[in-house]
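Report on the following structure.
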Amino acid sequence: MENPVQVKTGSNLQEVLNQIIGAEKTSQLTKVLVVDQALSEESGDKVSRAVIAQALNMLLFADLIERVPAAKQYVDHCLAHNRTVMHDHGAVRTIALEGMGSLPAGETAITRVLQPLGYALKGLYPLERLKMTGRSYAQVEYPETIAQFFISELHPEKFSAEFQHALEHVVSTSNDPLTQDAKALLNELESSQSLSMDQAVELLPVLVSCFGRQHGDITLADYTVLLNESAEAAWISTEGNVFNHVTDRVEDVDALSEEQKALGQPMKATVEKSQTGRVRQTAFHAAQVTRSFTAEDGSSVEKQVPGSFLEFITRLPLPEEVEGKKVLDLGFDSSNAQAIFKMTANTNS
């Protein structure tokens, strides 16, 4: 969609990624992902919170691409045809429940990481059909060019007592991946808005680990109870807080959808349109992944379940200008979101 910006050799962004994932993977990421020019050129002794936020999004994008074959095929296609990906947002699912081991309840497990990176609440989206609430967070300095986060919380109290018991059983073993050293670095980042290169390299892998599954083994019985009432809760039980999806912001999502269908990709049948008409979304169906469950007799049982997926979005500008210039509609739509959530419905249960 965007004209690619070459990440400057020796820039802070390149250096921090090189040290974490190596030069080869960094080169591939910076070729396919659009990076704001200011972020691609930043250098010096201090790494800004914006560059750390950009690096985190790139690492999480790379993680999803490795987990989702259709997404990897799409990115490889882009690289082969000199096309880029404008990462619009990543989505995370959480549970608004106290007593999840040492893990904070709900979206706090994620927002405590985002706030020091310069993220602020952008929008609130009731997802009533799913008994969830969604919230979007944008990076305040680069709201259009650093990916947003769409964080949803599931509300267990809206489900049956049997469901709540099964969910508590699943998540009560959760561990907090955020170490004391990482918390100290986040506090410093929040106060100074930058870190040294060594500190940024130390912090980022811990931040990435916050986007994972934090609880232990799952029984097949608990999973079945959750799945009977909420495909989203069942998904969280196997996948945790990993990126549910990443999103490519494209010029024409309808044309992109037809192109990808023609290429045999597992594309959603329809494109969702927001009430304003300014936001249009579609997606690949979720990858199927194999997860282990504990059976009633204590044995281990493997089962195919939905994993993550790649989404596509087209955003038009807001009708009114902001400070004399057009800005994109960075909002979401509750109806769109609930339709996209169906990409992870379990079709193999």
Side-chain angles (χ1 to χ4, degrees), residues 12-22 25-26 29-30 33 35-36 39 42 46-67 87 89-94 100-121 135-142 145-152 174-215 236 239-247 308:
N12 286 344
L13 180 60
Q14 185 191 60
E15 182 60 26
V16 75
L17 290 172
N18 278 350
Q19 290 197 39
I20 294 171
I21 59 174
K25 288 183 178 178
T26 296
L29 268 183
T30 55
L33 286 175
V35 177
D36 189 284
L39 299 176
E42 179 191 296
K46 291 293 186 179
V47 185
S48 69
R49 67 181 185 178
V51 163
I52 295 172
Q54 176 68 30
L56 175 63
N57 273 293
M58 293 173 80
L59 292 168
L60 292 172
F61 179 91
D63 172 70
L64 183 136
I65 297 307
E66 290 304 313
R67 294 187 287 108
H87 184 200
H89 70 274
V92 184
R93 295 177 177 180
T94 68
M100 298 200 301
S102 57
L103 189 69
E107 66 162 12
T108 303
I110 305 300
T111 56
R112 62 184 177 153
V113 167
L114 298 184
Q115 185 174 331
L117 299 177
Y119 278 87
L121 181 65
R135 296 178 181 87
S136 64
Y137 290 84
Q139 212 280 341
V140 295
E141 295 148 311
Y142 298 88
T145 52
I146 294 181
Q148 293 188 80
F149 283 76
F150 189 90
I151 307 174
S152 55
S174 298
N175 292 312
D176 185 356
L178 206 56
T179 63
Q180 289 303 315
D181 287 346
K183 289 176 183 177
L185 288 173
L186 284 173
N187 288 337
E188 181 173 341
L189 181 59
E190 186 153 24
S191 62
S192 67
Q193 300 190 9
S194 66
L195 294 174
S196 70
M197 178 61 66
D198 287 346
Q199 289 173 322
V201 170
E202 178 185 347
L203 177 62
L204 273 163
V206 183
L207 300 189
V208 170
S209 72
C210 292
F211 297 83
R213 178 173 134 183
Q214 314 303 348
H215 54 265
I236 297 169
E239 309 307 299
N241 304 130
V242 302
F243 260 9
N244 172 260
H245 64 265
V246 295
T247 308
S308 299

Subject >> Worked verdict on Glu190 versus Gln115 for side chain to side chain contact (heavy atoms under 4.5 Å, CB included) >> reply: CA-CA 8 Å; Glu190 186 153 24; Gln115 185 174 331; 2.8 Å; yes
**OP:** Could you please spell out the steps behind the side chain to side chain contact (heavy atoms under 4.5 Å, CB included) verdict for Val206 and Asp181?
**Re:** CA-CA 10 Å; Val206 183; Asp181 287 346; over 6 Å; no
**OP:** Determine, step by step, whether Leu33 and Asn57 satisfy the side chain to side chain contact (heavy atoms under 4.5 Å, CB included) criterion, reporting the C-alpha distance in whole Å, the side-chain angles of both residues, the deciding distance to 0.1 Å, and the verdict.
**Re:** CA-CA 10 Å; Leu33 286 175; Asn57 273 293; over 6 Å; no
**OP:** For the pair Glu239 and Arg93, evaluate salt bridge (charged side-chain N to carboxylate O under 4.0 Å, His left out) and give the outcome as yes or no after the intermediate values.
**Re:** CA-CA 9 Å; Glu239 309 307 299; Arg93 295 177 177 180; over 6 Å; no
Original post:
Could you go step by step and tell me if Leu178 and Cys210 meet the side chain to side chain contact (heavy atoms under 4.5 Å, CB included) rule?
Top reply: CA-CA 7 Å; Leu178 206 56; Cys210 292; 3.8 Å; yes
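Taken to the nearest 0.5 Å, the CG atom of Leu189 stands 5.0 Å off from the CD1 atom of Ile52. Rounding to the nearest 0.5 Å gives a distance of 7.0 Å between NZ of Lys46 and CG of Leu195. Between the CZ atom of Arg49 and the CG atom of Leu186 there is a distance of 12.5 Å, given to the nearest 0.5 Å. With rounding to the nearest 0.5 Å, the separation of CD in Gln54 from CD in Gln139 is 9.5 Å. Annotation: the span from Leu29 atom CG to Ile65 atom CD1 amounts to 9.0 Å, rounded to 0.5 Å. From Asn244, atom CG reaches atom CD1 of Ile151 across 12.5 Å, with rounding to the nearest 0.5 Å.
The backbone N or O of Ser209 lies less than 3.5 Å from a partner atom in the side chain of Gln214, making a donor-acceptor pair. Looking only at distances, no side-chain donor or acceptor of Ser194 sits under 3.5 Å from a matching main-chain atom of Val47. Here the side chain of Thr247 pairs a donor or acceptor atom with the backbone of His89 at under 3.5 angstrom.
Nearest heavy-atom pair across Leu39 and Ala50 is CD2-CB, 3.7 Å. What you find for Gly106 and Met100 is that their closest heavy atoms are N-CE, 4.0 Å. Here the closest heavy-atom approach between residue Glu202 and residue Pro205 is recorded as O-CD, 3.6 Å.
Side-chain contact between Asn241 and Leu103 is present, with heavy atoms from C-beta onward closer than 4.5 Å. In this structure, the side chains of Thr94 and Thr108 stay at 4.5 Å or more apart for every pair of heavy atoms. By the 4.5 Å heavy-atom criterion applied to side chains, Phe211 and Val242 are not counted as neighbours. Residues Lys25 and Glu66 are not in side-chain contact: their nearest non-hydrogen atoms beyond the backbone lie 4.5 Å or more apart. Side-chain contact between Val35 and Met58 is present, with at least one heavy-atom pair separated by less than 4.5 Å. Looking at heavy atoms from C-beta onward, Leu204 lies in side-chain contact with Val16 at the 4.5 angstrom threshold. The shortest side-chain heavy-atom distance between Leu13 and Glu42 does not fall under the 4.5 Å cut-off. Counting heavy atoms from C-beta outward, Phe243 and Val92 have side chains that approach closer than 4.5 Å.
Aromatic ring pairs are classed by plane angle as parallel below 30°, tilted from 30° to 60° and perpendicular above 60°; the pair Phe149 and Tyr119 is perpendicular. In this structure, Phe61 and His87 have tilted ring planes: the angle between them lies in the 30° to 60° band.
The environment of Lys183 atom NZ is dense: over 12 non-hydrogen atoms of other residues, nucleotides or ligands sit within 6.0 angstrom.
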